[in-house]
Structures are given as C-alpha cells and as structure tokens.
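Step one of this worksheet: look at the structure below.
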Amino acid sequence: MRKYSIRKRVLVTGGAGFIGSHLCERLIANGNDVLCVDNFFTGTKDNIAHLVGSPHFELMRHDVTFPLFVEVDEIYNLACPAAPIHYQHDPVQTTKTSVHGAINMLGLAKRLKAKILQASTSEVYGDPKVHPQREDYWGHVNPIGLRACYDEGKRCAETLFFDYRRQHKLRIKVARIFNTYGPRMHPNDGRVVSNFVVQALQEKPITVYGDGKQTRSFCYVRDMVDALVRLMGTPDSFAGPVNLGNPKEFTILELAEKVLSLTQSNSKLVRCPRPSDDPMQRKPDIALATRKLLWRPRTALAAGLSKTIAYFRGGKVRLA
Ligand code: NAD
Ligand code: UDP
Ligand code: UDP
C-alpha cells in the first residue's frame with residue numbers, strides 16, 4: 001500500500017493500560033501517529049484521556065483475540081492483564097489473549113510487513129533456579145499452577161514470535177519485562193508497590209506476604225518505556241529476547257520500609273500467607289540490553305516511589 005504520511009503509524013495493543021499509556025504518550029511526543037487498541041479489561045480511558053483529541057492519537061475498543069485489520073508500520077503488543085489477581089480472574093481468557101492475540105498481531109504484521117514487538121515477561125523464568133536471570137536461562141515454570149495461564153501463555157507467544165521470524169522472515173523484538181511500577185498502576189491490582197503505597201496512604205496495615213525476605217527489582221515506568229522504544233529501533237538482526245528491568249534488588253521488607261518512610265505513614269506491617277508459586281528471588285541480568293540498546297535504568301527506587309506516591313495522593317484512588 002502507498003504511504004502518504006511521513007509520520008510513522010504505530011499500533012499499541014493494551015495502550016490504555018499502565019505501561020501502554022506511557023508508551024502511547026512517548027510515541028506521540030516522538031512524532032508518531034498512534035493507534036491505541038484496548039478492550040479495557042484492566043486499562044482505563046482515564047489513562048489516555050489527555051491524549052484523546054490529539055490528531056495524532058486514535059483509540060479503538062477491540063479484543064486482540066479477534067482478528068484486526070488496520071494499516072500501521074510498527075506494532076507494540078502489550079495487551080494482556082499483568083497482575084496475578086487480574087490474569088487469574090479468567091485464566092482461559094488470559095491464555096487466549098497471549099496466544100490468539102499473538103497470532104492475530106503476527107498475522108497483521110505479516111500482511112503489512114510491519115515490525116512487531118512483544119511485551120513478554122520475567123515470568124517466563126518461573127521460580128528461577130539461576131540468579132540473576134540471563135536470557136539463555138530456560139526457566140522453571142509450573143505448567144499447571146495458578147500462574148501458568150500467564151507464564152505459559154507468554155512463553156507460547158515467544159515461541160510464535162520466533163516461529164514467525166524463522167518461517168515468514170518477520171521483523172520481531174521480544175522484551176522480557178521485569179517488575180515495573182509508577183503512576184497509573186491499577187490501585188487494586190494487588191501488586192506489591194501499589195498495595196504498599198495505597199495501604200500506607202490510608203494508614204492501613206502493610207501486607208507482607210511470607211517473611212518478606214523474597215526479592216524483586218523494580219523498574220520505573222519511564223525507564224521501561226525508554227527501553228521499549230530503543231528496542232524497537234535496533235537493527236532487524238536483533239530480535240532478543242532481551243531482559244528489561246532494574247537490576248537493583250530489594251527484599252519486600254526493604255520496600256515496605258521505603259514506602260513507610262516516604263509517605264511518613266504510621267501503618268504497621270502484618271504478615272500474610274505467601275501465594276503459591278511466588279518466586280523467591282528475581283533480578284534481571286541486563287548486560288544484553290546495556291550492550292544492544294545502550295540503555296540502563298536511571299530512576300532510583302526512592303525517586304520513582306515519590307512520583308508514584310504523588311500520583312496515588314492525587315485523588316485517583318478511591319478510598320473505599
Ligand atoms: P495493564 O493491565 O495495565 O495493561 C494491559 C492492557 O491490556 C490493559 O489496558 C487491558 O485492558 C488490555 N487488555 C487485556 N486483554 C486484552 C485483550 N484481549 N484485547 C485488548 N486489550 C487487552 O498491565 P501493564 O502492567 O501495563 O502490562 C503491559 C504489558 O507488559 C503486559 O503484556 C504485561 O504482561 C507486560 N508486563 C508488565 C510487567 C509489569 O511489571 N507491569 C511485567 C512484565 C510484563
Ligand atoms: N490476521 C489479522 N489481521 C491481518 C492479517 C491476519 O488479524 O491483517 C489474523 C488472521 O485472522 C489469522 C492470524 O492473523 O487468524 C494469523 O495470520 P496468518 O496470515 O499468519 O495465518 P493464516 O491466515 O494463514 O491462518
Ligand atoms: N507481595 C507482598 N505484599 C503484597 C503484594 C505482594 O508481600 O501486598 C509480595 C509478593 O508475595 C511477591 C512480591 O511482593 O513476592 C511481588 O509481588 P507482585 O504481585 O507485585 O509481583 P510478582 O510476584 O509478579 O513479581
């Protein structure tokens with residue numbers, strides 16, 4: 001098809017979600033036309049309300065498990081609920097979103113000869129036996145557990161991406177995203193950063209699962225969006241998979257202490273049972289991203305948490 005516009009047309013699936021909305025913003029700021037596709041399962045129009053009305057932004061309600069016929073140059077495939085309580089709500093739909101969604105978006109990319117990026121996840125490593133996780137580690141995933149709909153769905157999506165590359169010479173990029181946080185996280189998604197911040201602001205008990213000695217590394221959303229855009233811009237010979245995240249590791253107890261001190265909250269810690277298949281340690285090895293994307297996260301946890309706290313203070317959280 002002939003192309004008249006000099007602006008790149010970029011499709012973001014899951015564009016009304018937490019990471020997707022920041023990505024849409026960045027892509028428009030970089031001079032692209034953005035088509036945001038979302039079924040609003042966990043995303044909200046509030047996240048992209050400020051973009052609606054821009055001649056360079058278009059919003060489409062659509063479920064990626066169904067075929068999509070649009071004309072674009074690049075695709076970021078982010079559509080998928082990401083928090084355990086969301087993806088376990090309808091696990092069959094979660095697998096469908098990852099697998100059928102990937103097939104449809106890859107079919108679209110194939111027809112258009114468009115470049116396509118998949119938002120994969122550190123969960124493909126499961127409860128890892130290798131630490132920190134490098135891209136050549138194949139993971140330790142329970143295929144029949146509560147997290148499997150998400151983990152195995154994302155693993156299968158990676159398989160599809162690489163098979164479309166081998167079979168149809170598609171230009172693909174696979175990002176393995178590690179825990180990301182920041183403004184526009186869903187206040188009730190049960191994830192540790194949003195939970196602790198909301199609990200601290202409401203002076204409610206801080207729910208530490210298990211002994212709180214399990215670790216995570218938290219990447220601020222702005223750094224993540226930088227990495228995704230850089231990954232899309234890498235030469236066609238580089239497909240990934242590539243770990244994206246902040247390698248600085250914290251225990252959950254350390255995170256709780258930081259949130260309490262930044263919010264100056266009097267909340268007390270309470271111990272709750274640890275969910276099944278909850279990984280004990282998680283930290284990305286980002287040597288590949290550093291080399292290929294010339295990227296590293298720049299936002300320290302305290303600085304990112306302060307922005308997140310300011311967002312949740314701004315009345316976006318219903319204090320029910
Ligand atoms: P999110 O839930 O805020 O965003 C996902 C978006 O996809 C939502 O707007 C939701 O409504 C939409 N969606 C879900 N199913 C859909 C469907 N069938 N059709 C169309 N839209 C659909 O989550 P997020 O944290 O912004 O995550 C974005 C992507 O990044 C996801 O693919 C997730 O798996 C991946 N990821 C996120 C993290 C993280 O820490 N946030 C970590 C690893 C991977
Ligand atoms: N597809 C889509 N949009 C397109 C082209 C294809 O949604 O512009 C879907 C299509 O419905 C198909 C899937 O992508 O189910 C995979 O397409 P592909 O061409 O790879 O496979 P085939 O159509 O041969 O099954
Ligand atoms: N967690 C916690 N309290 C909460 C929510 C989560 O202690 O209120 C723990 C959880 O058990 C896990 C870690 O924090 O070990 C990160 O959980 P999250 O759901 O944010 O992300 P994921 O498990 O997907 O990394």
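For clarity, every value in this text was computed on a predicted model and none was experimentally measured. Order of appearance sets the numbers: ligands from 1, and atoms from 1 within every ligand.
No part of Y181 comes within 4.0 Å of ligand 1, judged by heavy-atom distances. The residue S122 has no part lying near ligand 3, judged by heavy-atom distances below 4.0 Å. Neither the backbone nor the side chain of V193 has a heavy atom within less than 4.0 Å of ligand 3. Counting heavy atoms under 4.0 Å from ligand 1, residue N179 touches it through the backbone alone. At a heavy-atom distance under 4.0 Å, only side-chain atoms of K154, from C-beta outward, approach ligand 1. By the criterion of a heavy-atom distance under 4.0 Å, neither the backbone nor the side chain of M105 is placed next to ligand 2.
In terms of polar-atom proximity, defined here as any N/O pair under 3.5 Å, S120 makes no such contact with ligand 1. Checked by distance only, ligand 3 and V192 come closer than 3.5 Å through their nitrogen or oxygen atoms. Residue G17 has at least one nitrogen or oxygen atom sitting less than 3.5 Å from a nitrogen or oxygen atom of ligand 1, judged on distance alone. For the pair S122 and ligand 1, the shortest N or O to N or O distance does not fall below 3.5 Å. Considering backbone and side-chain atoms alike, N77 places every N or O at 3.5 Å or more from each N or O of ligand 1. Where the criterion is an N or O separation shorter than 3.5 Å, residue side chain and backbone included, T65 fails it with respect to ligand 1. Residue V64 has at least one N or O atom closer than 3.5 Å to an N or O atom of ligand 1.
With hydrogens left out, the protein atom closest to atom 12 (C) of ligand 3 is D278 OD1, 3.3 Å, a heavy atom. When only non-hydrogen protein atoms are considered, atom 1 (N) of ligand 3 lies nearest to Y209 CD1, 3.4 Å. Among all non-hydrogen protein atoms, the one lying nearest atom 13 (C) of ligand 3 is I252 CD1, 3.6 Å. In this structure, atom 21 (O) of ligand 3 lies nearest to the protein heavy atom N179 ND2, 3.4 Å. Here the protein heavy atom with the shortest distance to atom 2 (O) of ligand 1 is T42 OG1, 2.6 Å. Atom 24 (O) of ligand 3 has as its closest protein heavy atom E123 OE2, 3.6 Å. Closest to atom 3 (N) of ligand 3 among all protein heavy atoms lies T207 O, 2.6 Å. Shortest contact from atom 16 (C) of ligand 3 to any protein heavy atom: R216 NE, 3.6 Å.
Residue contact annotation: Y164 has a non-hydrogen atom under 4.0 Å from ligand 2. Not a single heavy atom of K213 sits less than 4.0 Å from an atom of ligand 3. For R191, the heavy-atom gap to ligand 1 drops under 4.0 angstrom. Residue contact check for ligand 1: H62 places a non-hydrogen atom closer than 4.0 Å to it. Under a 4.0 Å heavy-atom criterion, Q199 is not in contact with ligand 3. Within the 4.0 Å heavy-atom cutoff, G101 does not count among the residues contacting ligand 1. Within the structure, the closest approach of G190 to ligand 3 falls below 4.0 Å when heavy atoms are considered.
Every atom of ligand 2 is numbered from 1 in the order shown, and the set under 4.0 Å from a heavy atom of R111 is 4 (C), 8 (O). Close approach of ligand 2 to G107 (heavy-atom distance below 4.0 Å) involves ligand atoms 5 (C), 6 (C), 14 (O), 16 (C), 17 (O), 20 (O). The atoms of ligand 3 that sit less than 4.0 Å from any heavy atom of N195 are 4 (C), 5 (C), 8 (O). Below 4.0 Å from some heavy atom of P67 lie the following atoms of ligand 2, by number and element: 7 (O), 11 (O).
Ring pair Y87/Y150 is parallel by interplanar angle, where below 30° counts as parallel and above 60° as perpendicular. Under the 30°/60° scheme for interplanar angles, the aromatic rings of F18 and H22 are found to stand perpendicular. Below 30°, between 30° and 60°, or above 60°: for Y125 and F178 the angle between ring planes is between 30° and 60°, a tilted geometry.
Of all the listed residues (L78, N39, D63), L78 holds the heavy atom that lies closest to atom 28 (C) of ligand 1.
Shortest non-hydrogen contact noted between E249 and E254 is O-OE1, 4.3 Å.
Atoms CG and OG1, on D223 and T180 in that order, are 9.5 Å from each other to the nearest 0.5 Å.
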